[in-house]
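In what follows, a structure is listed as structure tokens, so that the remarks can point back to it.
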There are 2 protein chains.
Amino acid sequence: MPRSRKLRTPEEPNRPAGLDTPDGRPPSFSVTVAVALVTAIEGEMRALLIRRSEPPEEGRFALPIGFVGGKESPEEAALRVLRKKAGVSDVYLAQLYTFGAPNRDPRGRVITVAYYALVDAGRLASLSPGEGAFLSALRVPWKGETGGPVEALGEAVGEGGASLPLAFDHGEILGMVVKRLRGKLHYAPVGFQLLPPAFTLRDLQLVHETILGQRLNKDSFRRSMLASGLLEPTGEIEAKVGHRPAAFYRFTQASAI
Amino acid sequence: MPRSRKLRTPEEPNRPAGLDTPDGRPPSFSVTVAVALVTAIEGEMRALLIRRSEPPEEGRFALPIGFVGGKESPEEAALRVLRKKAGVSDVYLAQLYTFGAPNRDPRGRVITVAYYALVDAGRLASLSPGEGAFLSALRVPWKGETGGPVEALGEAVGEGGASLPLAFDHGEILGMVVKRLRGKLHYAPVGFQLLPPAFTLRDLQLVHETILGQRLNKDSFRRSMLASGLLEPTGEIEAKVGHRPAAFYRFTQASAI
DNA sequence: TGAATAGTGTCTATAAGACAATATCCC
DNA sequence: GGGATATTGTCTTATAGACACTATTCA
């Protein structure tokens, strides 16, 4: 039973014992978080990107990233990064995937926990993203839940803008976000995190269509959403819309996704 | 552009620069993996547990765990742990969630990447798990995809065995596995990872019912599975079953879940 | 032959898609 | 009033559940 060393040394802090590694000693990692801040605007998925001003990947576009500090959880780090790099708080945040390939970062052993955050487009308009940060439109080159990387565009998808060079594996991460959201939509009311508190059925359908990348049947969508019990009318209706105003709804559940 | 230090020191390897942390310097982490090796036997979900023979959590029951080595990815570490602690290779492995709360482990800062592995019960019978390892039945105290921890039982669920004390947050991890599998079942043919290459529709239905924790309509299940195009008859039929033999099927897709 | 489950066919209930008709607002 | 979209209602089609009936094997 050689449980061995009880003493700590600076370069090897106290760690769980009795576990096996190839070289016998657990190596040290840096842990970072990457956050995909996603919204839906005018039928497009968009994500916050920041142009990198220094190596590595200088000049390429990256998700907000940051180290996990010594006294915070990865999730807290993600929220801190969102606050600092994107100027947003109180957003829905969920863990996506953890990357840790040995040669992922040439400068050392790094584990990255990727998160995605959802926010309604209206709130982003009044926020102050940091230097070089902007909302890039996403082009998804696959259907359904096939998966794979997505492209980030400088302009709106419909305007044929060139795709931006993405740093690291951030194109893959954004692709996983889209795939995850499409999956969630099958059984969870994802949409309301991308919408203001009150919205019309048309707004909700457009968000669903934007996430799924395909048109939906209007009648069926109305019926199923109204029958789901997740919506309740606010009593308000649209104003000044040039046509019959739609009723506003809110979600009856405060959480979900 | 103070990209600074190119030199490495033992206690602080070269790390990405230009990122913010509360204390200015990225701290070091140990990274571990925990693997839930899950199967379905006779209508029960089961997972491999190992009784811990040393602190912390001595005497409690834990998933197979291990450090991520210096030259392997977390996924490779998970496969290595499965091979060493459970004696299994060539299993379906998927990432589940990453845990990294600051006080998760009293001995230092640890990030744990949790995985789940699926294997058909027949294969486990011929394998040799390590010392103190066994397949524990899982009792799921919630319905649908509510989520929450599950209990591990020393005996079969139906036999009223006492629930075993689980180490760390492994009850939560197992609960997340069940929740994840139930979610996947809505849109992916999860079942075939828990079945041998050839199986009857009854076998498949029992696996689905075991995962979901509820009975399914036999007629609808048959129709939808056969209409899905995911199954094809092997041409073989059961033998010596005391009743009309069922046809064997195989999955037409080699991957999925 | 009987027990037991596999597999088929049919009917019904429910959900989804299509489409027409009406309602309501702003210009 | 005209344009535009919301909302309601009805009809059709697809899918899921219920159930009766036949088929096949082994004890």
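Lettering of chains follows the sequences in order, A, B, ..., and the numbering in each one begins at 1.
Whole-Å rounding puts the A:Phe248 CZ to D:dT7 C1' distance at 16 Å. A:Leu204 has its CG atom 13 Å from the P atom of D:dA6, to the nearest Å. Rounding to whole angstrom units, CZ of residue A:Phe221 and C1' of D:dA6 are separated by 15 Å. Protein atom CD1 of B:Ile237 is 10 Å distant from nucleotide atom P of D:dT24, rounded to whole Å.
Counting only distance, with no hydrogens or angles, the side chain of B:Glu238 and the backbone of B:Ala246 share a donor-acceptor pair below 3.5 Å. Looking at A:Arg46, its side chain does come within 3.5 Å of a backbone N or O of A:Leu135 through a donor-acceptor pair.
Checked against ring pair (Phe, Tyr, Trp, His ring centres under 6.0 Å), B:Phe61 has the following partners two or more places apart in sequence or in another chain: B:Phe134.
The line from CZ of B:Arg202 to NZ of B:Lys218 is 8.0 Å long, rounded to the nearest 0.5 Å.
Using a 4.0 Å heavy-atom distance criterion, B:Arg223 is classed as a base contact.
Here A:Phe251 and A:Phe199 bring their ring centres to under 6.0 angstrom of each other.
Residue-to-nucleotide proximity on DNA chain D shows that, of A:His243 and B:Pro245, the 5′-proximal contact is made by A:His243. Heavy-atom distances to DNA chain D give each of B:Asp219 and A:Ala247 a nearest nucleotide, and the one nearer the 5′ end belongs to A:Ala247. Taking for each of A:Asn217 and A:Lys240 the nucleotide of DNA chain C with the nearest heavy atom, the 5'-most of the two is the partner of A:Asn217. Closest-nucleotide positions on DNA chain C for A:Ser224 and A:Ala239 were compared, and the one nearer the 5' end corresponds to A:Ser224.
Note on A:Lys218: a side-chain N or O is less than 4.0 Å away from OP1 or OP2 of D:dA6.
For the residue pair A:His186 and A:Glu145, a side-chain donor N or O sits within less than 3.5 Å of a side-chain acceptor on the partner.
Think of the region where chain B sits on DNA chain C: with heavy atoms and a 4.0 Å cut, that region ends 5' and 3' at C:dA3 to C:dT10.
For the ring-ring contact (aromatic ring centres under 6.0 Å, His included) condition, no pair includes a residue of residues 223-250 of chain A, sequence neighbours left out.
A donor N or O paired with an acceptor N or O is not found under 3.5 Å between the base of D:dA4 and the side-chain atoms of A:Arg244.
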